[in-house]
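Structure record follows, encoded as structure tokens.
Owing to the predicted nature of the structure, the values given are computational and were not obtained by experimental measurement. Per chain, numbering begins at 1; letters A, B, ... match sequence-line order.
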Number of protein chains: 2
Amino acid sequence: MGVKTAKTVKTLETRKEQIHQAACRLFHQQGFHGTSVRDIAQEVGILGGSLYTHIVSKDDLLWEIVNAVADRFVDRIQEIAASDLGVMQKLRAAVIAHVEEITRDIDAAAVFAIEWRHLSPRRRKAFTARRNDYEAIFRGMVDQAMRERFIASNDPSSAALFILSALNWVFTWYRHDGRMTPTEVGRMLADFIFDGLKRRTA
Amino acid sequence: MGVKTAKTVKTLETRKEQIHQAACRLFHQQGFHGTSVRDIAQEVGILGGSLYTHIVSKDDLLWEIVNAVADRFVDRIQEIAASDLGVMQKLRAAVIAHVEEITRDIDAAAVFAIEWRHLSPRRRKAFTARRNDYEAIFRGMVDQAMRERFIASNDPSSAALFILSALNWVFTWYRHDGRMTPTEVGRMLADFIFDGLKRRTA
DNA sequence: CCTACCGATCGGTAGG
DNA sequence: CCTACCGATCGGTAGG
């Protein structure tokens, strides 16, 4: 037994990570309530009851998944907000980061976007609060861009909702075997959002 | 008993309509697999087994709901496509119509957007085909607008996905007690999509 | 539309 | 991590 004891790259994952990955895939494909703990266990090669050595409850598993995604979103935008970029560059960077995070793991992104509704009421509330914080940072950037007269509208809430809407649906159509990288898609969407589709006649 | 025999406006609905409405609400709030046929039955004041006088199966109920929504989307865009409007006016009208249909019944729109995944495999395929047809009409308009040089990009697929993304997320945040009507939201989003958020410096 | 029921499966646990 | 099990609930049906 030397230093490289891993049989394959796959088995470097801990069982916990395997369970998270399997749960993401199944929650995305079949929905939270359409996935049984036995489905998840089977995917990692154990029986249903044995899952409970690794998880507290099915609800707790969902909670860990959506929180891991939320952590990444919040980290990315806080770093951008704290940078010394101009406000329009910050907004562009935030759009690209959002697309990068959504496409990093489509299954996890889908669970984050859709299945969080099925958290227990207490946790659903906590999740909504975190997402509101994230969106508030976004809205703050939009507001500043309006005050600095880069953005035309005077309704930062609606403009922020427009941006986030355009981004949040990406998980339904992005394909990793397509012709664009996540960053390229992010840049393209940033162009569409800030410059619009219409040809500038100037 | 005169002409106006209805006890309340509510009881004018047929039992079938009551069931559809209750199912939409519950499928949206709890998800398809998180809603039992007994939940739906309780909402209309009968027992679980009695539902089956009105529906064939739970899957069939979901199918009827998503198809009713699909019918409305397709009707609206076909009427616009067949009109004699200019291509940019058609696109604007299609954006507004899409928002109007999504906000007409938020519960139904959510089931249409999200819960269709839980249809039986055969019906899921049929649903995807219908949605692809709808999106193809949208994409055709975008393509024509590019050929007529109204739209700058030369990638109609990506531009159409951008538009539909911006619209399809609206069901998560539109509130009927908010300050804008569906048509106003549609017009605003059309402005954002085609003109962009950035102030035109011309 | 209800009563009464079907077999299957659910999330989760005890004890090893 | 498995064996064996818990009470609860699932979608759906027969017979009235």
Side-chain angles (χ1 to χ4, degrees), chain A residues 7 10-67 111 115-124, chain B residues 7 10-67 111 115-124:
Chain A
K7 295 171 212 150
K10 279 268 176 184
T11 50
L12 279 173
E13 298 162 0
T14 66
R15 183 113 293 185
K16 185 90 182 245
E17 284 163 348
Q18 286 178 24
I19 291 168
H20 273 236
Q21 215 167 80
C24 278
R25 251 206 53 236
L26 292 168
F27 288 169
H28 178 201
Q29 282 190 2
Q30 310 174 1
F32 177 72
H33 288 300
T35 303
S36 70
V37 292
R38 287 161 177 85
D39 290 337
I40 299 167
Q42 193 183 37
E43 197 91 341
V44 301
I46 59 178
L47 292 183
S50 306
L51 259 192
Y52 287 83
T53 316
H54 304 96
I55 70 170
V56 174
S57 66
K58 198 188 170 194
D59 177 68
D60 199 72
L61 176 55
L62 176 58
W63 176 245
E64 289 190 347
I65 289 171
V66 298
N67 256 304
V111 174
E115 300 301 325
W116 66 270
R117 301 162 187 275
H118 305 119
L119 286 166
S120 65
R122 188 179 273 97
R123 285 175 162 168
R124 189 164 61 238
Chain B
K7 293 170 216 152
K10 280 268 177 184
T11 50
L12 279 173
E13 298 162 1
T14 66
R15 183 112 291 189
K16 185 87 183 246
E17 282 164 350
Q18 285 179 24
I19 291 169
H20 273 238
Q21 214 168 79
C24 277
R25 250 206 55 237
L26 292 167
F27 288 168
H28 179 200
Q29 282 190 2
Q30 310 175 2
F32 177 72
H33 288 300
T35 303
S36 70
V37 293
R38 286 160 179 86
D39 290 337
I40 300 167
Q42 194 183 36
E43 197 90 344
V44 301
I46 59 179
L47 291 183
S50 307
L51 259 192
Y52 287 83
T53 318
H54 303 97
I55 71 171
V56 173
S57 66
K58 198 187 170 195
D59 177 68
D60 198 73
L61 176 57
L62 177 57
W63 176 244
E64 288 190 346
I65 288 171
V66 298
N67 257 303
V111 174
E115 301 300 325
W116 66 269
R117 301 162 187 274
H118 305 119
L119 284 166
S120 65
R122 188 180 272 95
R123 285 174 162 169
R124 189 165 61 239

Suppose we screen for side-chain hydrogen bond (donor to acceptor under 3.5 Å, both in side chains). Which residues come up paired with A/E64, at least two apart in sequence or across chains?
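With sequence neighbours excluded, A/E64 shows a side-chain hydrogen bond (donor to acceptor under 3.5 Å, both in side chains) to A/H20, given in chain and number order.
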
Got a sec, which residues hit side-chain contact (heavy atoms from CB on, under 4.5 Å) with A/D59, two or more places apart in sequence or on another chain?
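A/D59: side-chain contact (heavy atoms from CB on, under 4.5 Å) contacts with A/S57, A/L119, A/S120, A/R123.
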
A/H33: what forms a side-chain contact (heavy atoms from CB on, under 4.5 Å) with it, not counting sequence neighbours?
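Per chain and number, A/H33 pairs via side-chain contact (heavy atoms from CB on, under 4.5 Å) with A/H118, B/H33.
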
With a 4.0 angstrom cut-off to heavy atoms of chain A, pull out the first and last contacting nucleotide of DNA chain C, in 5'-to-3' order.
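Nucleotide range in contact with chain A: C/dC10 to C/dT13.
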
What residues in residues 30-44 of chain A put a non-hydrogen atom under 4.0 Å from any atom of DNA chain C?
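Correct list: A/T35, A/S36, A/V37, A/R38.
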
Euclidean distance, [Y] [atom2] relative to [X] [atom1], rounded to 0.5 Å:
{"X": "B/I55", "Y": "B/S50", "atom1": "CD1", "atom2": "OG", "answer": "11.0 Å"}
{"X": "A/T35", "Y": "A/K58", "atom1": "OG1", "atom2": "NZ", "answer": "6.5 Å"}
{"X": "B/T53", "Y": "B/K16", "atom1": "OG1", "atom2": "NZ", "answer": "11.5 Å"}

Specify the closest pair of heavy atoms between A/I65 and A/A23, including all atoms of both residues, with the distance to one decimal.
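Heavy-atom minimum between the residues: CD1-CB, 3.8 Å.
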
Nearest atoms (heavy-atom pairs only) where A/E17 meets A/E13:
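It is OE1-CA, 3.3 Å.
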
In residues 48-59 of chain B, which ones come under 4.0 Å of DNA chain D, going by heavy atoms?
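When residues 48-59 of chain B is checked for heavy atoms under 4.0 Å from DNA chain D, the hits, listed by number, are B/G49, B/Y52, B/S57, B/K58.
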
Sub-3.5 Å donor-acceptor pair from the side chain of B/Q21 to the main-chain atoms of B/Q18, do we have one?
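Not at all, since once roles are kept as given, no pair shorter than 3.5 Å links the two residues.
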
Are the side chain of B/E115 and the backbone N or O of B/F32 linked by a donor-acceptor pair below 3.5 Å?
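Side chain of B/E115 to backbone of B/F32, a donor-acceptor pair under 3.5 Å: yes, one is there.
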
Those residues that, when tested against B/W116, pass ring pair (Phe, Tyr, Trp, His ring centres under 6.0 Å) (two or more places apart)
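With neighbours one apart ignored, the set is B/F127.
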
Could you summarise the pairing of DNA chain D as dot-bracket text, marking Watson-Crick and G-U pairs under 3.5 Å with ( ) or [ ] inside the strand and | across strands?
||||||||||||||||

Could you list the donor-acceptor pairs under 3.5 angstrom formed by side chains in residues 38-49 of chain A, with sequence neighbours left out?
residue, atom, partner, partner atom, Å
A/D39, OD1, A/S36, OG, 3.4
A/D39, OD2, A/S36, N, 3.0
A/D39, OD2, A/S36, OG, 3.3
A/E43, OE2, A/R25, NH1, 2.0

